[in-house]
Amino acid sequence: MKLHKLVPAAPVAVRSVGQWSVGTSQTEESIHNAYCTIIEKSEHFIYIEFFISGLSGDDIIQNHVLEALYCRVLHAYNERKSFRVIVVVPLLPGSIIIDGSAHFESINLVFLMSADAINDGGAATVRALMHWQYRTIYKGQSSILKNLHDIIGPKTDHYISFYGLRSYGRLGDHGPLATSQVYVHSKLMIIDDRAMLVGSANINDRSLLGCRDSEQLRCPEDWRYKPDMKV
């Protein structure tokens with residue numbers, strides 16, 4: 001039997017920087033470009049932790065990771081090829097202010113989904129993030145699911161799906177059941193088990209456009225199979 005050895009190419013560093021952050025004469029958005037390029041090159045599947053992005057022609061959101069996903073799914077559909085995008089998002093993004101303190105992934109979801117938590121003035125940031133995230137995914141004319149359903153119909157679910165994670169258990173041996181979200185925030189994309197992007201950037205304009213936050217990602221890709229091992 002012949003085995004195959006994985007031979008990785010040297011990882012490439014990509015970044016979002018501008019004059020204010022590192023003193024460059026031009027704004028660099030190579031992270032944004034890398035996301036779009038690698039999505040376009042994908043052949044079988046994409047795992048991505050999604051946040052806020054826009055389609056081509058969006059007059060508000062300027063990063064086009066969403067457009068790259070949309071075009072890649074349509075290409076697979078038109079070619080009648082198997083292709084899958086797995087998108088994992090936090091059930092609730094960011095943090096929420098409770099009694100003057102910021103709380104993150106450890107918050108009990110039963111409380112967070114209550115009207116008192118979401119309607120509290122300290123939750124304004126969470127509500128805003130959820131609005132833009134829903135706009136990206138399924139709400140309105142600029143969402144990816146709306147645009148894919150218009151062309152593909154119910155088969156959209158064969159190509160792209162969205163997930164959130166949570167843990168649950170009992171409080172004590174005989175206590176009530178409790179649940180809390182698993183706050184997915186590793187800032188990772190995996191393509192075909194052959195390439196990935198991982199680093200500091202979120203998928204939003206703030207991280208990807210270069211003129212705002214400075215970010216850096218590593219991009220190991222082109223993991224070639226080398227048939228040089230035999231048993």
Side-chain angles (χ1 to χ4, degrees), residues 4 6 9 12 14 29-91 93 129-166 182 184-199 201-205 207-209 217 219-225:
H4 298 279
L6 285 173
V12 175
V14 290
E29 52 180 297
S30 56
I31 293 176
H32 184 198
N33 296 334
Y35 265 110
C36 296
T37 300
I38 294 176
I39 289 170
E40 182 181 354
K41 290 168 56 178
S42 61
E43 297 178 1
H44 305 292
F45 77 87
I46 298 171
Y47 167 87
I48 190 168
E49 294 169 4
F50 206 67
F51 198 41
I52 296 170
S53 186
L55 296 173
S56 178
D58 193 313
D59 57 357
I60 299 176
I61 301 175
Q62 298 179 52
N63 83 80
H64 291 152
V65 174
L66 189 70
E67 175 72 12
L69 289 172
Y70 171 75
C71 291
R72 185 61 190 87
V73 168
L74 281 186
H75 178 73
Y77 172 75
N78 291 330
E79 295 290 324
R80 300 296 188 265
K81 291 184 177 179
S82 177
F83 186 77
R84 189 74 174 179
V85 181
I86 303 296
V87 187
V88 178
V89 297
L91 296 172
L129 290 172
M130 291 173 71
H131 164 78
W132 291 106
Q133 189 164 279
Y134 292 164
R135 181 184 185 272
T136 295
I137 298 171
Y138 76 95
K139 278 192 173 183
Q141 300 300 314
S142 298
S143 68
I144 188 169
L145 291 184
K146 166 66 169 61
N147 282 271
L148 288 175
H149 271 288
D150 286 348
I151 298 173
I152 301 177
K155 290 186 178 180
T156 297
D157 294 342
H158 297 177
Y159 295 94
I160 185 169
S161 50
F162 294 81
Y163 300 91
L165 303 178
R166 66 179 183 180
V182 177
V184 180
H185 199 58
S186 59
K187 307 178 183 182
L188 175 70
M189 180 174 73
I190 301 172
I191 302 289
D192 299 336
D193 280 344
R194 297 182 61 190
M196 71 183 216
L197 278 170
V198 60
N202 295 299
I203 299 177
N204 57 28
D205 283 0
S207 285
L208 298 184
L209 299 185
L217 268 68
C219 181
E221 63 173 318
D222 192 21
W223 291 65
R224 294 156 290 182
Y225 285 96

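Small disclaimer: the values here were computed from a predicted structure and weren't measured. Along the sequence shown, residues carry numbers from 1.
- Residues Asp192 and Phe45 are in side-chain contact: their nearest non-hydrogen atoms beyond the backbone lie under 4.5 Å apart.
- Note: Lys146 NZ to Ile151 CD1 = 9.5 Å, rounded to the nearest 0.5 Å.
- With rounding to the nearest 0.5 angstrom, the CD1 atom of Ile60 is 11.5 Å from the CD1 atom of Ile52.
- Taking all atoms of both residues into account, the shortest heavy-atom contact from Leu91 to Gly164 is CD2-CA, 3.6 Å.
- Counted within 6.0 Å of CD on Glu79, heavy atoms from surrounding residues, nucleotides or ligands total more than 12; the atom is thus considered enclosed.
- Annotation: the span from Met189 atom CE to Ile39 atom CD1 amounts to 4.5 Å, rounded to 0.5 Å.
- A distance of 11.0 Å separates OG1 in Thr136 from CG in Leu69, rounded to the nearest 0.5 Å.
- Evaluation of the side chain to side chain donor-acceptor pair (under 3.5 Å) test over residues 41-57, restricted to residues two or more places apart or in two chains, returns Lys41-Glu221, Ser42-Arg72, Tyr47-Glu49, Glu49-Ser186, Ser53-Asn63.
- The two residues Arg84 and Asp157 have their closest heavy-atom pair at NH1-O, 2.6 Å.
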**Request:** Would you please test Leu74 and Leu148 for side-chain contact (heavy atoms from CB on, under 4.5 Å) and show each step?
**Result:** CA-CA 8 Å; Leu74 281 186; Leu148 288 175; 3.9 Å; yes

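- Of all non-hydrogen atoms in Cys219 and Ile38, the two that sit nearest each other are SG-CD1, 3.2 Å.
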**Request:** Evaluate the side-chain contact (heavy atoms from CB on, under 4.5 Å) criterion for residues Val73 and Ile144: first the C-alpha distance (whole Å), next the side-chain angles of each, then the deciding distance (0.1 Å), finally the verdict.
**Result:** CA-CA 10 Å; Val73 168; Ile144 188 169; 5.7 Å; no

**Leu129 vs Phe51, side-chain contact (heavy atoms from CB on, under 4.5 Å): CA-CA, chis, key distance, verdict** = CA-CA 9 Å; Leu129 290 172; Phe51 198 41; 3.7 Å; yes

**Message:** For Leu197 and Ile191: C-alpha separation, side-chain torsions, deciding distance, then whether side-chain contact (heavy atoms from CB on, under 4.5 Å) applies.
**Reply:** CA-CA 9 Å; Leu197 278 170; Ile191 302 289; over 6 Å; no

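- Under a 3.5 Å cut-off, the side chain of Asn202 and the backbone N or O of Ser207 do not form any donor-acceptor pair.
- Atom-to-atom distance recorded for Thr156:OG1 and His149:NE2 is 4.0 Å, nearest 0.5 angstrom.
- For the residue pair Tyr35 and Lys187, the shortest heavy atom distance occurs at OH-O, 4.5 Å.
- With rounding to the nearest 0.5 angstrom, the CD1 atom of Ile61 is 8.0 Å from the CG atom of Leu66.
- Checked against Ile48 for a side-chain contact (heavy atoms from CB on, under 4.5 Å), the options Val89, Leu188, Ile203 give a single hit: Ile203.
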**Request:** Just do the side-chain hydrogen bond (donor to acceptor under 3.5 Å, both in side chains) check on Glu29 and His32 with the steps written out, would you?
**Result:** CA-CA 5 Å; Glu29 52 180 297; His32 184 198; 2.7 Å; yes

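- Listed here is the closest heavy atom pair of Asn147 and Ser142: ND2-C, 4.0 Å.
- Here the closest heavy-atom approach between residue Tyr77 and residue Tyr159 is recorded as CA-OH, 3.5 Å.
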